[in-house]
Amino acid sequence: MGDVSANEAPPLRLRRLWDALQEYVSQRRAMPEVREGVGEGAEPAESAAEIPTVDGGTGGQVDRESGSSIHGREFGNIAEATMTIGTRSVLYGAHCAVLHPWFLAVAWYKLYGFPWDVRLWASFCLHDIGYISKPNMDGCDGETHVELGAKIMGLLFGESWAAFTAAHSRYWAKRNGRQFSRLCVADKLAFVLTPAWLYLPMTRATGELSEYMLRAKERQAGSEHFTDYESTRLNSADAREWLEGLKSYTRRWVKEHRNGGADNWTVGACAESTASFR
């Protein structure tokens with residue numbers, strides 16, 4: 001690829017990758033919702049000063065009312081804060097790490113032929129890993145999920161693969177003035193190929209579905225590229241009808257953009273720019 005990082009010795013490349021992962025974990029731990037235990041569904045962490053030590057105990061502090069160990073409660077708060085909607089999505093939701101890459105591979109095959117390049121398979125597996133610890137899916141924070149996978153791809157295979165992976169999000173690409181990549185087109189088709197009987201239960205279980213339905217309605221309102229059929233279904237309270245409308249629109253987007261070109265359909269949602277990949 002001609003990139004310096006792609007020509008590094010494997011030990012140095014792995015070291016850079018490890019440093020990048022440590023930096024990402026440190027940043028996430030420093031975020032208020034993780035540090036204070038106020039992630040989705042979590043209660044604010046209590047100050048240790050508010051909970052007295054019980055004489056004759058095991059050395060830990062105990063809640064007067066429940067009798068539970070303060071250390072246990074702190075662990076519970078951390079666990080709840082860490083299990084954000086983004087983490088759930090990667091574990092067992094729309095971006096499930098053991099299912100979504102296979103749908104993406106099938107989509108790539110249908111669009112561009114069999115993905116022989118191992119770097120493509122790496123991008124299939126890594127492009128959504130940045131959703132881990134995200135508090136939302138399609139908000140400004142959620143849209144930055146592209147950055148972690150892109151950073152890893154860059155360290156492993158060079159900056160061109162970092163840019164390829166980052167541009168799998170048409171909203172990220174639009175906001176940062178970039179051209180969406182073929183990975184983006186295949187990713188959208190992968191969504192279309194995912195059957196409703198699988199997609200709907202997974203996204204209900206993680207809590208994603210309600211956010212997706214709301215965001216789709218907002219974006220539909222700001223675009224003229226939805227048909228009447230799609231608009232009617234996107235505004236339906238029935239999840240199956242909503243999904244039919246979104247798949248219809250996405251299928252048409254894929255057909256129109258499979259060979260690249262300007263994306264005049266996508267309406268950028270966030271004003272913040274996070275572009276860091278060339």
Side-chain angles (χ1 to χ4, degrees), residues 1-25 27-28 86 89-90 94-134 137 141-191 193 253-254 257-263 266 273-278:
M1 285 295 181
D3 295 305
V4 174
S5 58
N7 297 322
E8 291 177 343
L12 179 56
R13 200 180 307 166
L14 289 174
R15 177 64 182 177
R16 283 164 53 85
L17 175 59
W18 177 248
D19 290 343
L21 290 174
Q22 285 186 314
E23 178 184 357
Y24 179 79
V25 171
Q27 290 174 347
R28 296 308 301 174
S89 181
V90 174
H95 303 89
C96 179
V98 297
L99 289 177
H100 179 59
W102 295 105
F103 284 105
L104 182 48
V106 172
W108 185 278
Y109 173 74
K110 287 179 174 290
L111 291 167
Y112 309 116
F114 189 83
W116 295 105
D117 195 325
V118 68
R119 294 170 294 189
L120 284 174
W121 288 92
S123 70
F124 296 167
C125 295
L126 293 171
H127 70 289
D128 282 332
I129 194 172
Y131 271 124
I132 293 176
S133 80
K134 294 295 185 184
M137 303 304 297
D141 195 18
E143 285 182 15
T144 64
H145 78 278
V146 305
E147 295 173 1
L148 178 59
K151 181 175 290 188
I152 295 173
M153 287 293 293
L155 291 172
L156 291 175
F157 307 117
E159 288 304 309
S160 61
W161 283 94
F164 172 81
T165 304
H168 85 268
S169 167
R170 53 190 169 154
Y171 294 101
W172 185 92
K174 187 84 168 181
R175 191 172 71 248
N176 291 291
R178 307 298 175 86
Q179 173 65 31
F180 62 85
S181 65
R182 283 188 168 188
L183 183 61
C184 174
V185 183
D187 193 41
K188 300 310 123 190
L189 183 57
F191 160 70
L193 296 176
W253 188 93
V254 168
H257 299 91
R258 63 177 296 171
N259 295 317
D263 179 12
T266 300
S273 176
T274 57
S276 57
F277 308 102
R278 303 299 177 192

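Side chains are part of it too, since the values below use all heavy atoms of this structure and drop only hydrogens, waters and symmetry mates. Remember, predicted model here, so these are calculated numbers, not experimental data.
- Ring-plane geometry between His95 and His100 is classed as perpendicular, the angle between the planes exceeding 60 degrees on a 0 to 90 degree scale with a lower cut at 30.
- Thr165 and Gly149 get closest at one heavy-atom pair: CG2-C, 4.0 Å.
- Of the inter-residue distances, the one linking Ile129 atom CD1 with Lys151 atom NZ reads 13.0 Å to the nearest 0.5 angstrom.
- By the 4.5 Å heavy-atom criterion applied to side chains, Val185 and Tyr112 are counted as neighbours.
- Ring-plane geometry between Trp121 and Phe114 is classed as tilted, the angle between the planes lying from 30 to 60 degrees on a 0 to 90 degree scale.
- Using a 4.5 Å heavy-atom threshold, the side chains of Trp253 and Cys184 count as touching.
- Atom NE2 in His127 sits 4.5 Å away from atom NE2 in His168 (nearest 0.5 Å).
- Here the side chain of Ser123 pairs a donor or acceptor atom with the backbone of Leu120 at under 3.5 angstrom.
- Residues Trp172 and Glu143 form no side-chain contact, since every pair of their non-hydrogen atoms from C-beta on lies 4.5 Å or further apart.
- Interatomic distance, CG of Leu183 versus OG of Ser169, reported as 10.5 Å (0.5 Å rounding).
- Checking each of Leu104, Leu111, Val106 against Leu189 for a side-chain contact (heavy atoms from CB on, under 4.5 Å) leaves exactly one that passes, namely Leu111.
- The two residues Ala107 and Ala190 come nearest to each other via the heavy atoms CB-N, 3.7 Å.
- When all heavy atoms of Asp263 and Phe180 are compared, the closest pair comes out as CB-CE2, 3.8 Å.
- Expressed to the nearest 0.5 Å, how far OG1 of Thr266 lies from NE2 of His257 amounts to 6.5 Å.
- Relative ring orientation between Trp161 and Phe164 is described as perpendicular, the plane-to-plane angle rising above 60° on a 0-90° scale split at 30° and 60°.
- Contact record, Ala162 with Gly154: CB-CA, 3.7 Å, taken as the closest heavy-atom pair.
- Leu156 has its side chain out of reach of Arg119: every pair of non-hydrogen atoms, C-beta onward, lies at least 4.5 Å apart.
- A distance-only check finds no donor-acceptor pair linking the side chain of Gln179 to the backbone of Ala262 [under 3.5 Å].
- Ring orientation note: the planes of Phe124 and Trp108 are tilted relative to one another, at an angle of 30° to 60°.
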Decide side chain to side chain contact (heavy atoms under 4.5 Å, CB included) for Lys188 and Arg258; before the verdict, give the C-alpha distance in whole Å, the side-chain angles of both, and the deciding distance to 0.1 Å. CA-CA 10 Å; Lys188 300 310 123 190; Arg258 63 177 296 171; over 6 Å; no
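- Looking at Asn176, its side chain never comes within 3.5 Å of a backbone N or O of Arg178 through a donor-acceptor pair.
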